[in-house]
Protein chains: 2
Amino acid sequence: MTTPTHSRRSDATRASILRAARERFAADGYERATIRAIAADAQIDPSMVMRYYGSKEGLFAAAAEFDLRLPDLTSVPPARLGEVLVRHFLSRWEGDETLVALLRAASTNPGAAERMRGIFADQLTAAVATFGTDPALTARRAGLVASQVLGLAFTRYIVRLPPMADTTPEELVAWIAPTLQRYLTGTPSS
Amino acid sequence: MTTPTHSRRSDATRASILRAARERFAADGYERATIRAIAADAQIDPSMVMRYYGSKEGLFAAAAEFDLRLPDLTSVPPARLGEVLVRHFLSRWEGDETLVALLRAASTNPGAAERMRGIFADQLTAAVATFGTDPALTARRAGLVASQVLGLAFTRYIVRLPPMADTTPEELVAWIAPTLQRYLTGTPSS
DNA sequence: GACTGTTGCCAACACCTGTTGGCAAACACT
DNA sequence: AGTGTTTGCCAACAGGTGTTGGCAACAGTC
């Protein structure tokens, strides 16, 4: 039993490994990101990665720890829900490469896909459930929002489709906010 | 110089390799899909794959050959463009695992991403350009459509988010058609 | 100053990867 | 029947992978 309050000398190493891991996973995906490359980026021996994180899966699990940090939607004017959500997602995505790492890895790694499912099923569905719409529709609304938001991320950060990668966040917000708004509060036919 | 009209005996082998490759690439992604596994599925020696397709990259290039087969949008009532497009994409996606293979591989393989970019930038942009909207907006409209359609595919076939994977195509069409309709013919603020 | 635990590196293991060259059988053609 | 080509398999190579165990240097405690 070690004292968790006392900061160990290896904390800096742990952190630099994690930082390098996020970068590599985001840039290369799960299988192309090798432990040796991550260790080289962190200027550390590959065996240290194993000692501190147990396995490659364990390292990824630690590196892909993520919270959407969705704002409290009950204090948002109902007509502006879509806009607030797109803006939040865009800023969350631009500022933290963890989500890109998770997105890339989710395509090929079952564990990463499971985690992505958890994040969007739990956190987003919970947020959608806070304003009282038909509970039977809540999951579907959250799923539709996830499809547009993840599609935006996929085309902008992964595939880098020129029109999506080059457009300014504000223009994207203007186009996509009404979509999310309808998914959240509208009906299919409207 | 061999006679290209005469069907060779190896055509069946070539085809079975290609079929196995598409399945594996679709299920596992580019790096996890090994030539040995593909050859085993096709009940053939791994070296045959190399002889017929040159390299793993060459095999993928052949397996990921794809045409969106977009319908002629000029003969579609302008108000129903969104609906026609979602329906077309969904049926195209359900019936041919090539697109799933390409989608999975595009996350980690630069060549696959390049091909995906080409397909959606060329074919989709060309289709959008057929009905005469503002040319300056054409690329952006196509990009937005791609973001929603690829997001649908990503959540439904790759991550398998429950609400997206379980919903019937018709319900998806009802929800998503208006989105594409606005991206194609609307304005951001509307 | 000796003792105990931590931090780090080196070397190696066992396995899997794409890829290659050679050789036997089946075929096509005269 | 005999010759040249095609189809297929086997064995192997060179390189990279995650992972492990041991050993030196250091830090902190009595």
Side-chain angles (χ1 to χ4, degrees), chain A residues 1-22 24-25 27-64 101 104-105 108-112, chain B residues 1-22 24-25 27-64 101 104-105 108-112:
Chain A
M1 181 84 83
T2 57
T3 66
T5 62
H6 182 270
S7 81
R8 324 177 122 282
R9 193 161 48 90
S10 62
D11 284 354
T13 309
R14 285 185 141 88
S16 76
I17 292 177
L18 221 52
R19 181 157 25 89
R22 270 193 266 264
R24 283 283 176 177
F25 282 135
D28 301 339
Y30 183 81
E31 14 273 335
R32 285 177 113 99
T34 71
I35 290 203
R36 281 174 167 85
I38 292 169
D41 287 358
Q43 295 179 340
I44 221 68
D45 191 85
S47 62
M48 302 302 293
V49 179
M50 304 302 297
R51 184 177 294 171
Y52 289 147
Y53 294 98
S55 68
K56 189 181 183 181
E57 289 267 358
L59 173 62
F60 179 80
R104 263 230 168 76
T108 53
N109 186 268
Chain B
M1 180 87 81
T2 57
T3 65
T5 63
H6 182 270
S7 83
R8 325 176 123 282
R9 193 163 49 89
S10 61
D11 284 354
T13 309
R14 285 186 142 87
S16 75
I17 291 177
L18 221 52
R19 182 158 23 91
R22 270 193 267 263
R24 283 283 177 177
F25 282 135
D28 300 338
Y30 183 81
E31 12 274 334
R32 286 176 112 97
T34 71
I35 291 201
R36 282 174 167 86
I38 292 169
D41 287 358
Q43 295 178 341
I44 219 69
D45 191 86
S47 63
M48 303 301 293
V49 178
M50 304 302 297
R51 185 177 292 170
Y52 288 146
Y53 293 98
S55 68
K56 188 181 182 180
E57 289 267 358
L59 173 63
F60 180 80
R104 261 230 170 75
T108 54
N109 185 267

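All values reported here derive from a predicted model rather than from experimental measurement. Here is how names work: the chains are called A, B, and so on, in the same order as the sequence lines, proteins then strands, and each is numbered from 1.
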A:Asp11 CG to C:dT7 P, straight-line distance once rounded to whole Å: 8 Å
Separation of C:dC9 C1' from A:Gln43 CD (nearest whole Å): 15 Å
Nucleotide of C:dT19, C:dC9, D:dT20 approaching B:Pro46 most closely (side-chain heavy atoms): C:dT19
Polar side-chain atom of B:Tyr53 near backbone of B:Arg14 as donor-acceptor pair, under 3.5 Å: yes
Can you pull every protein N or O that's under 3.5 Å from an N or O on nucleotides 22-27 of chain C?
residue	atom	partner	partner atom	Å
C:dG22	O6	B:Arg51	NH2	3.4

Gap between atom OG of A:Ser47 and atom CD1 of A:Ile35 - 0.5 Å precision: 10.5 Å
Under 3.5 Å: donor-acceptor pair, side chain of B:Lys56, backbone of B:Met50: no
Atom pair distance, as rounded to whole Å: CZ in B:Arg24 and P in C:dT17: 10 Å
Those residues that, when tested against A:Ala40, pass side-chain contact (heavy atoms from CB on, under 4.5 Å) (two or more places apart): none
B:Ala15: side-chain contact (heavy atoms from CB on, under 4.5 Å) partners, not counting sequence neighbours: none
B:Tyr52 OH to C:dT19 P, straight-line distance once rounded to whole Å: 17 Å
Nearest atoms (heavy-atom pairs only) where A:Glu57 meets A:Asn109: OE2-ND2, 3.9 Å
Spatial distance of atom CD (A:Gln43) from atom OG1 (A:Thr13) [nearest 0.5 Å]: 11.0 Å
Residue-level proximity of residues 30-37 of chain B to DNA chain D when a heavy atom falls under 4.0 Å: B:Arg36
Interatomic distance where CE belongs to B:Met50 and C1' belongs to C:dT17 [whole Å]: 11 Å
Between P of C:dG18 and CG of B:Asn109, the distance in whole Å: 13 Å
Shortest non-hydrogen contact from A:Phe60 toward A:Ala101: CE1-O, 4.4 Å
Interface with DNA chain C, restricted to residues 53-60 of chain B and to heavy atoms under 4.0 Å: B:Ser55, B:Lys56
Residue pairs fulfilling salt bridge (charged side-chain N to carboxylate O under 4.0 Å, His left out) with at least one residue in residues 29-50 of chain A, sequence neighbours excluded: A:Arg24-A:Asp41, A:Glu31-B:Arg32, A:Arg32-B:Glu31
Under the side-chain contact (heavy atoms from CB on, under 4.5 Å) test, residues paired with B:Ala21 that sit two or more places apart: B:Phe25, B:Ile38, B:Leu59, B:Ala63
Distance, rounded to the nearest Å, where A:Ile44 contributes CD1 and C:dT7 contributes P: 11 Å
